[in-house]
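What follows is one structure encoded as structure tokens, with my remarks underneath.
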Amino acid sequence: MVLNETHTKVLIVGAGPSGLMMAAQLLRYGVQPLIIDSKQGPTDESKALAVQARSLEIYRQMGVIARILDGGKHADGASLQEGGAEVAKLSLKDVGEGQTPFPFIHLYQQSKNERLLLDFLTQNCCPVYWETNLITLAQNKKQAEAQLQNNGQIINISCNWVVGADGAHSAVRKQLQIPFNGDTYGHEFYLADVELDNDALNNGFVNLYLGKKGFAGFFPMPETNRYRAIGNLPDGLGKKESLTIEDVLPFLNDVTQSSIKVKHTYWFTIYKLHHRMADKFSEQHCFLIGDAAHIHSPVGGQGMNTGLQDAYNLAWKLAMVVNGRLNGAVLNSYAAERMPVAKRLLSTTDRIFTIIMSDEWYTRLFKIWIMPGMLKFVWSKKSLREVFFKQVSQIGIDYRDSTINLHISQSHKIKAGDRLPYLKVFDEKKQEGTDLHEWCSKPGFTLIILGKLSEPDLFTIAKWITQNYAVILNFFYLPPTLRNQHIFEEFEIGKNQAKSLIVRPDMHIGFINDKVDMILMDNYLKNVVGVTIRS
């Protein structure tokens, strides 16, 4: 496709999951981005497989969740094996029950995520310009200037904003000269998409094998008998040219202490694993998201999901700045909120992966004699299973320290910056069930009043919203009823008390107050978040 643009409000470099999600979220707010990618088109050779609950919540908000659930499958559990024997078996069936509409780990390939998001873009008349490269990038006080190569032509384009979603070798990051500090793991690894003929493998379980010389993992894919296989290559094998799955099988059989039978190989690749993070996630008019900002080991299936969350966090802020609804200062909160998440993730995955790959005698003793027992103990405790799920699913991420939150409440369980808890609501008027997340399905902020208010008070609030925030603030009111008492208990609301919440567009709570005060709500929206009121 020929690119004829000379100016765009938002240029997105990279059409992987992060870049596509960024474009999709901007489109929800009426912002039409320009998205480019150096590849010829979407690929089926994608590494990521798990879609965590927090990402599924985003897809639900976008109205595309049914396709993902129908096209994937839940992981039934995880089986840890050592020396040919199963040493721990952990069920993942509804492990997060009550915490989210999606209390499971869902297996849905990265390539499917990309095609779903591409369809979303197509429905909103937003093309991806494939085979288009970023050549140079410069910035001044007003905007960014990019030089692109498309169809053999050099195109100069000005941009209000640039989002680098172009992966670990990000051209955007390199043009900005932002250091990408970290290291590369010493081993080489293989990744394969294969159909197997192995009755010993539980088709619904993630099968993890620890051996004396490495590890192997088989992740069930939605298609029958199809697995994503991953493991480390034996020393020296990576130097062989035209390596295939057949070359790896002897080593794989040794690690699993079984005979792996490959019926068909869809694709096979070898690669290095890295753990790195950009020194900055933003520079003037430019931002980094996804692998362009941070890369780490595949432990816990966090990579793609973290990139989707980066895009989700940045997009609503950028869209509202572009639309003139928010002051540009709100964009500073992107790096402030997401960099600590990336740092914790890199630290956690690095520690776990180092233990998995270590061949030191004391680490091996830990893996054989201590770790299986620890896993079984943790899994026997409901509270610990819930903690595990909150971390892996990413629903436990909070932004409590963010400058765009305001907590005016005595409550301790739920605070400003927390993800809005998933709580079911019974609509007394419609006599049907819904939930708090469903209330936040429309773009923009959501005001939720919990407690008994008089009709004149409700009218005053509605009038205040209409006159000042009609475009960006949705409103829901829940009086106390017996069927909804659990919500009032969760938010620690006493008898004859009312509490006000303003939920950010990314379903994190921005404002909590133990009473309903329009002056304080107005202060939050104007002075804390930076809403720009238009007459």
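Since this is a predicted model, take the numbers as computed values, not measurements. Quick note: numbers below take in every heavy atom, side chains included, and nothing from hydrogens, waters or symmetry partners. Note that the numbering runs from 1 along the sequence shown for the chain.
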Distance-only polar pair, side chains of Thr100 and Glu57, donor-acceptor under 3.5 Å:
yes

So do the side chains of Phe281 and Ile289 get within less than 4.5 Å of each other, counting heavy atoms only?
no

Determine whether Leu176 and Gln139 make a side-chain contact, defined as any pair of heavy atoms from C-beta on separated by less than 4.5 Å.
yes

Give, for atom CG of Asn313 and atom CE of Met22, the distance between the pair rounded to the nearest 0.5 Å.
9.5 Å

Determine whether the side chains of Tyr399 and Arg419 contain a donor N or O and an acceptor N or O closer than 3.5 Å.
no

Looking at CG of Leu450 and OH of Tyr477, how far apart are the two atoms once the value is rounded to the nearest 0.5 Å?
10.0 Å

Less than 3.5 Å apart, any donor N or O on the side chain of Ser409 or Asp514 sitting next to an acceptor on the other?
yes

Can you tell me if NE2 on His7 sees more than 12 non-hydrogen neighbours from other groups inside 6.0 Å?
yes

Among Ile502, Asp522, Asn474, which one satisfies side-chain contact (heavy atoms from CB on, under 4.5 Å) with Tyr469?
Asp522

Of Val503, Asp418, Ile408, Ile414, which meets side-chain contact (heavy atoms from CB on, under 4.5 Å) against Ile512?
Ile414

Side-chain contact, heavy-atom cut-off 4.5 Å: Cys159 with Gln143?
no

Regarding Asp427 and Thr434, is there a side-chain donor-to-acceptor distance under 3.5 Å anywhere?
no

Per the side-chain contact (heavy atoms from CB on, under 4.5 Å) rule, which among Val531, Leu525, Thr446, Thr466 passes with Leu473?
Leu525

Excluding sequence neighbours, so at least two apart, what forms side chain to side chain contact (heavy atoms under 4.5 Å, CB included) with Lys390?
Gln99, Ile395

Between CG of Leu482 and CD of Glu428, what distance do you get to the nearest 0.5 Å?
9.0 Å

